[in-house]
There are 4 protein chains.
Amino acid sequence: MLIQIDYHNGVPIYRQVLDQLRQQIVSGQLSEGQQLVSVRDLASELKVNPMTISKAYALLEMEGLVERRRGIGLFVAKVPKQRQSEIKTRIVQQILDRAVSTAIQLGIPQEQFQQLIARLFEKYDRQERQP
Amino acid sequence: MLIQIDYHNGVPIYRQVLDQLRQQIVSGQLSEGQQLVSVRDLASELKVNPMTISKAYALLEMEGLVERRRGIGLFVAKVPKQRQSEIKTRIVQQILDRAVSTAIQLGIPQEQFQQLIARLFEKYDRQERQP
Amino acid sequence: MLIQIDYHNGVPIYRQVLDQLRQQIVSGQLSEGQQLVSVRDLASELKVNPMTISKAYALLEMEGLVERRRGIGLFVAKVPKQRQSEIKTRIVQQILDRAVSTAIQLGIPQEQFQQLIARLFEKYDRQERQP
Amino acid sequence: MLIQIDYHNGVPIYRQVLDQLRQQIVSGQLSEGQQLVSVRDLASELKVNPMTISKAYALLEMEGLVERRRGIGLFVAKVPKQRQSEIKTRIVQQILDRAVSTAIQLGIPQEQFQQLIARLFEKYDRQERQP
DNA sequence: GTGGTCTAGACCACA
DNA sequence: GTGGTCTAGACCACT
């Protein structure tokens, strides 16, 4: 399965689908021209209402990351390398901004902050090698 | 007391109040034994319904960060230094976790990630000196 | 689902709902995965404002006894047998603690105390057989 | 100090004062004709609003356990032995009733219930010997 | 359909 | 004065 849904963390399901697809596109896991799984199939795979998937796909289309070919389906759009990298940076930067401003408000020194990050990178590195 | 509400970002008001008060308590801006602004006063200050504030206060009490003295008001509870620092770390770590896992998924190398952080710290440092 | 509200005993309605649901869950009358009556339905059944029910449900969720499935409803969560029995014991012990400490302060001997209990158990046994 | 107030358990302070005085009277710790501490003194001793003590005293008077002698103060009333014992039993029975009915609803067998009680009696016995 | 949030205004117990 | 509870009704996001 390509998408992981957490049904209990409060993040809307369509948002989880949207975010993960966006990431897969800009990171190249889904490549240009590749067809997306149909709304119906993905919905039944995730045991989720088709409307939910449909909403995620529509938003993805509005972002220009995906193209609709009528009667056929949705395909990953051509995204210029530069735009890809912009999106990537933007995604991370948005989250980081909150983290840093919070840390400063809490008086957590930059060194401790960097340590937390190093630990998290280790954690994910381990997971990647043996998921 | 300074609380900033963004009425249009979708985050429930009571949550914004709750989060900011929690931060002020664990960061020491609100100190032990200090009385919180009354529900009615804070509500009128923020131009918000008293129940909204009440809800935030109730959750804060359930977290044990605040104590009710019946008929008098709410006061910042004694929070052991260790618990304070646990909460602080937890708050930051929650946000950071998302940032790091996203960065990894996007293939952003740790070096670039650290650069982004350094830049953000600079930005907030500047703001602090001359807000 | 059977919930009895006493509108005049001073105990908040949301508390009565909360306590009774909690008991029904840990006693197994509501079983894992079962869907709770919707906020609106229970509210109209008890002739009470939906927010009152909502509050009880929210607290039940915070206790981890119930899970939200967004847009669908609330369901009884998986509660490990051990946790169930802890909660049960805690509920009874809280009440008993007061009873025993009071009895001791009043100089009521343990024998008389046990007699009172035996009589009460008889009374409820009778009721159960022919309510 | 003769009265212990718990400021954080939600029980109204006047009620804690009332209950404890009632118990002290029917258990003979306060004997017939003995003068109660003045409202003012007890209030300052407990660091509590005098109105709170006053309310407890007034309710005690309504129960007939205490007599007001105008200009002098309040005195423990003559309470016939039988009435004393009735009150004692009633106090304990009220609390026990809830405990037993709850235990039955939760399916806690009488044996386990008795064990809980035995344990509690031990606990309080220990405390009495070395408080 | 579901639950979550918020409002305006009321009443209550407590101190 | 304090906070707690409740109502009636509204709007929202999610499924």
Side-chain angles (χ1 to χ4, degrees), chain A residues 5 7 10-18 43 46-56, chain B residues 5 7-8 10-18 35-44 46-58 60-61 66-75, chain C residues 5 7-8 10-18 35-44 46-58 60-61 66-75, chain D residues 5 7 10-18 43 46-56:
Chain A
I5 300 294
Y7 297 91
V11 180
I13 296 173
Y14 84 93
R15 194 102 239 290
Q16 297 187 40
V17 174
L18 171 62
L46 300 180
K47 288 172 185 152
V48 138
N49 190 309
M51 291 270 302
T52 307
I53 305 299
S54 194
K55 187 169 184 179
Chain B
I5 300 295
Y7 299 89
H8 306 300
V11 179
I13 297 173
Y14 83 92
R15 263 241 132 226
Q16 298 186 42
V17 174
L18 171 62
Q35 182 166 8
L36 298 190
V37 176
S38 82
V39 168
R40 286 163 177 79
D41 287 357
L42 187 52
S44 82
L46 300 179
K47 289 175 183 145
V48 137
N49 187 295
M51 270 206 69
T52 306
I53 305 299
S54 194
K55 188 170 183 178
Y57 279 13
L60 219 41
E61 195 201 353
V66 131
E67 280 176 357
R68 247 187 2 213
R69 300 195 195 145
R70 312 194 34 137
I72 303 178
L74 286 173
F75 296 77
Chain C
I5 300 295
Y7 298 90
H8 306 301
V11 180
I13 296 173
Y14 83 92
R15 263 242 130 224
Q16 298 186 41
V17 174
L18 172 61
Q35 183 166 6
L36 298 191
V37 176
S38 83
V39 168
R40 287 162 177 78
D41 287 358
L42 186 53
S44 81
L46 300 180
K47 292 181 182 139
V48 136
N49 188 294
M51 270 206 71
T52 306
I53 305 299
S54 193
K55 188 170 182 179
Y57 279 14
L60 218 42
E61 195 201 353
V66 131
E67 280 177 357
R68 245 188 3 215
R69 299 195 197 146
R70 313 196 33 138
I72 304 178
L74 286 173
F75 296 77
Chain D
I5 300 294
Y7 297 91
V11 179
I13 295 174
Y14 84 93
R15 196 111 240 286
Q16 297 187 42
V17 173
L18 171 61
L46 301 179
K47 288 173 184 150
V48 138
N49 191 308
M51 291 271 302
T52 307
I53 304 301
S54 195
K55 187 170 183 177

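The sequence lines fix the lettering, A, B, ..., with proteins before strands; numbering per chain opens at 1.
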Q) Taking the nucleotide of DNA chain E with the closest heavy atom to each, which residue, C/Arg69 or B/Pro50, is nearer the 5' end? A)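 With C/Arg69 and B/Pro50 compared, the 5'-side residue is C/Arg69.
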Q) Taking for each residue the nucleotide of DNA chain E bearing the nearest heavy atom, is the 5' side occupied by B/Asn49 or by C/Val39? A)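 Nearest nucleotide further toward 5': that of C/Val39.
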Q | Assigned partner base of E/dA8, Watson-Crick or wobble definition, under 3.5 Å | A |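 Pairing partner, where one exists within any strand: F/dT7.
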Q.
Return the pairing partner of F/dC14 with a 3.5 Å limit on both distances, Watson-Crick or G-U wobble; otherwise return none.
A.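 E/dG1 is the nucleotide pairing with F/dC14.
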Value in whole Å for how far the [atom2] atom of [N] lies from [atom1] of [X]:
{"X": "B/Gln35", "N": "E/dA15", "atom1": "CD", "atom2": "C1'", "result": "13 Å"}
{"X": "B/Arg70", "N": "E/dC12", "atom1": "CZ", "atom2": "C1'", "result": "12 Å"}
{"X": "D/Ile53", "N": "E/dC14", "atom1": "CD1", "atom2": "C1'", "result": "13 Å"}
{"X": "B/Gln16", "N": "E/dT5", "atom1": "CD", "atom2": "P", "result": "12 Å"}
{"X": "B/Leu46", "N": "E/dT7", "atom1": "CG", "atom2": "C1'", "result": "15 Å"}
{"X": "B/Ile13", "N": "E/dA8", "atom1": "CD1", "atom2": "C1'", "result": "14 Å"}
{"X": "C/Lys55", "N": "E/dT5", "atom1": "NZ", "atom2": "C1'", "result": "14 Å"}
{"X": "B/Leu74", "N": "F/dT2", "atom1": "CG", "atom2": "P", "result": "11 Å"}

Side-chain N or O of [X] versus OP1/OP2 of [N]: is the shortest distance under 4.0 Å?
{"X": "A/Arg15", "N": "F/dC14", "result": "no"}
{"X": "B/Arg68", "N": "F/dG4", "result": "yes"}
{"X": "B/Thr52", "N": "E/dT5", "result": "no"}
{"X": "B/Tyr14", "N": "E/dT5", "result": "yes"}
{"X": "C/Ser38", "N": "E/dT2", "result": "yes"}
{"X": "B/Ser54", "N": "F/dG4", "result": "yes"}

(Q) Pick the closest DNA chain F nucleotide for B/Gly73 and for C/Lys47 by heavy atoms, then say which residue is nearer the 5' end. (A)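 First, find each residue's nearest nucleotide; the 5'-ward one identifies B/Gly73.
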Q. Start at the 5' end of DNA chain F and walk down; is the nucleotide closest to B/Ile72 or to B/Met51 reached first?
A.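 The residue whose closest nucleotide sits nearer the 5' end is B/Ile72.
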(Q) By the 4.0 Å heavy-atom rule, please label B/Val48 as base, sugar-phosphate, or nothing. (A)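 Counting heavy atoms under 4.0 Å across all strands, the contact made by B/Val48 is with sugar-phosphate only.
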Q. Just checking B/Arg40: base, sugar-phosphate only, or nothing, at a heavy-atom cut-off of under 4.0 Å?
A.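 B/Arg40: base contact, heavy atoms under 4.0 Å.
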Spacing of [atom1] belonging to [X] relative to [atom2] belonging to [Y], to within rounding of 0.5 Å:
{"X": "B/Asp41", "Y": "B/Leu46", "atom1": "CG", "atom2": "CG", "value": "10.5 Å"}
{"X": "B/Arg70", "Y": "D/Tyr14", "atom1": "CZ", "atom2": "OH", "value": "9.0 Å"}
{"X": "D/Ile5", "Y": "D/Lys47", "atom1": "CD1", "atom2": "NZ", "value": "13.0 Å"}
{"X": "B/Glu67", "Y": "B/Glu61", "atom1": "CD", "atom2": "CD", "value": "8.5 Å"}

(Q) Given 3.5 Å as the limit, does a donor-acceptor pair link the side chain of B/Gln35 with the main chain of B/Leu74, or not? (A)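 Checked: no pair found.
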Q: Assess C/Arg69 against C/Phe75: is NZ or CZ under 6.0 Å from the centre of the six-membered ring, and within 45 degrees of the ring's axis?
A: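 Pair C/Arg69/C/Phe75 counts as cation-pi.
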